[in-house]
Protein chains: 2
Amino acid sequence: MPKRVDHDERRRRIAEALWRIASTRGLEGASLRDVAAEAGISLGQLQHYFRSKGDMLVFALEHVNELAARRVRARVEASATAPSPRVILRESVAEMLPLDDESRSGNLVQVAYFLQAVHDERLREHAKEGVPLLRALFADQIRRAMAEGQIAPDRDPDTEATLLICLVDGLTSYTLLDVHSPAEALALADAHLDRLFTP
Amino acid sequence: MPKRVDHDERRRRIAEALWRIASTRGLEGASLRDVAAEAGISLGQLQHYFRSKGDMLVFALEHVNELAARRVRARVEASATAPSPRVILRESVAEMLPLDDESRSGNLVQVAYFLQAVHDERLREHAKEGVPLLRALFADQIRRAMAEGQIAPDRDPDTEATLLICLVDGLTSYTLLDVHSPAEALALADAHLDRLFTP
DNA sequence: CGTATGGCAATACAACTGACCTGTAAAAAC
DNA sequence: GTTTTTACAGGTCAGTTGTATTGCCATACG
């Protein structure tokens, strides 16, 4: 049975089991035993790959951040030339919002991590690092639109990018709480973009 | 009858101890023993006032919501006639943002509850109920401003109110994460209001 | 006075937590 | 072929969790 094994691949599989639990029961409700059971392995095996629970949490957060960043970047790079900045921004926003069940699960995991990160310096650094990247990405598109005259020239790209990110975050929270539906969240984001894109 | 005690007053005192813990360690880290110790009472006494942990959580959430609603309403009613709608909106937003340590604690408690509420139907109903009230309040001020010609007449008050609430929520999240400072959060909110208040 | 009852302390308890420690078997290195 | 390393299963451990039980005390009513 034992053989040479890809450590990172095993860790990723364990992290995905953790997400499945975190998206339904929350991060705190995920014990090592629960994660091991969800991953279909023994507690001993899990501990072979993660020396402590904290290690597992940090790895899973890094992994989720990496995947999210890759998804957004892929979408933007795949359509950076042809479509308008507005389309790119709207699609990015749509991908960040919990519009389908899969995206909802991902957002629940990130929210669970967010709360943990507020009280844990080690996690906070990882949780923060994605934001400037996303802001730069959004600001670039806004600058492009300003150059094309689609956005008023007196707007500050960085400010508008930050506002958009914060708005999406709030929309996500209230969508997760069922305060409004995914469709309403998207409509609200569109309303915001409508007013951003006025010469 | 033996000596009579104000049950609700005791419960409120216990709830406040719970908040103090939740704002530093998070809600999950708050065991019944910890809360009792923080409140300066015995575990037995705490159990006398809350039959289960769930009861305590629900009561504390109702209490925090009630206090927050009362604070915002008091601020608005105290200055509904004289100041402009914009001032009222800005002050309400400023009060909701985690600008000082006390407000930061309150926001941490609400965030902790939010995450819990996503997975718990019982809490979710309580967490949701404050939003429509706040939206109506904001929408009223926006309507007033539109009547005075300070806001373009083609804006939808309910949409704008919801956007503002979501934005504040996102600003709060990222401020708690130290992604930006309280001052920057307020400046961002002002930037949004600047663009809302354009005839 | 007696006793029922609200207020509370102390303790017990079963379930669960994460960390640690083996034992063992297979693959890799020599 | 021997040794070393890797991969895992299983168990133990001390500590913590929410809940339940018991009993003592003070008071107010009959």
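Proteins get letters first, then strands, A, B, ... in listed order; numbering begins at 1 in each.
No side-chain heavy atom of B:Glu184 sits less than 4.5 Å from a side-chain heavy atom of A:Thr159. Residues A:Arg143 and A:Asp140 form a side-chain contact, since some pair of their non-hydrogen atoms from C-beta on lies under 4.5 Å apart.
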task: Give the B/S/- string for nucleotides 14-20 of chain D, one per nucleotide from 5' to 3', where a protein heavy atom under 4.0 Å of the base yields B, of only the sugar-phosphate yields S, and otherwise -.
output: ---BBBB
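With sequence neighbours excluded, no residue forms a salt bridge (charged side-chain N to carboxylate O under 4.0 Å, His left out) with A:Arg135. Shown here are the ring-ring contact (aromatic ring centres under 6.0 Å, His included) partners of A:Phe50, two or more places apart in sequence or in another chain: A:Phe59.
The aromatic rings of B:Trp19 and B:His63 sit tilted, their planes meeting at an angle between 30° and 60°.
For C:dG7, the OP1/OP2 oxygens have no side-chain nitrogen or oxygen of B:Tyr49 closer than 4.0 Å. Regarding contacts with the backbone of C:dG7, every side-chain N or O of B:Arg10 stays at 4.0 angstrom or more from both OP1 and OP2. Considering only side-chain N and O atoms, A:Gln45 lies nowhere under 4.0 angstrom from the phosphate OP1 or OP2 of D:dA7.
Rounded to whole angstrom, the span from the CG atom of A:Asp55 across to the C1' atom of C:dA19 amounts to 12 Å. Between A:Ile41 atom CD1 and D:dA9 atom P the separation is 8 Å, expressed in whole Å. Regarding A:Leu27, its CG atom lies at a distance of 14 Å from the P atom of C:dT17, rounded to whole Å. Nucleotide D:dC8 holds its C1' atom 16 Å from the CZ atom of A:Phe50, rounded to whole Å. Residue A:Asp8 contributes atom CG, which lies 17 Å from atom C1' of D:dT6 at whole-angstrom precision. If you measure from atom NE2 of A:His48 to atom P of D:dT5, you get 14 Å, rounded to the nearest angstrom. In this structure, A:His7 atom NE2 and D:dT6 atom P are separated by 8 Å, rounded to whole Å.
The list of salt bridge (Lys or Arg N to Asp or Glu O under 4.0 Å) pairs with a residue in residues 43-63 of chain B, not counting sequence neighbours, reads B:Asp55-B:Arg122.
With hydrogens and angles ignored, the 3.5 Å screen pairs a side-chain donor or acceptor of A:Ser173 with a backbone N or O of A:Asp169.
Relative to the axis of its first five pairs, the axis of the last five pairs of the helix from C:dC1-D:dG30 to C:dC30-D:dG1 sits at 10°, rounded to 10 degrees.
A cation-pi arrangement, defined by a distance under 6.0 Å to the six-membered ring centre and an angle within 45 degrees of its axis, is absent between A:Arg10 and A:Tyr49.
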Going by atom type alone, with no hydrogens or angles, which donor-acceptor pairs under 3.5 Å involve a side-chain atom of residues 26-41 of chain B and a protein atom two or more places apart or on another chain?
from, atom 1, to, atom 2, distance (Å)
B:Ser31, OG, B:Asp34, N, 3.2
B:Ser31, OG, B:Asp34, OD2, 3.1
B:Asp34, OD2, B:Arg25, NH1, 3.4
B:Glu38, OE2, B:Arg20, NH1, 2.6

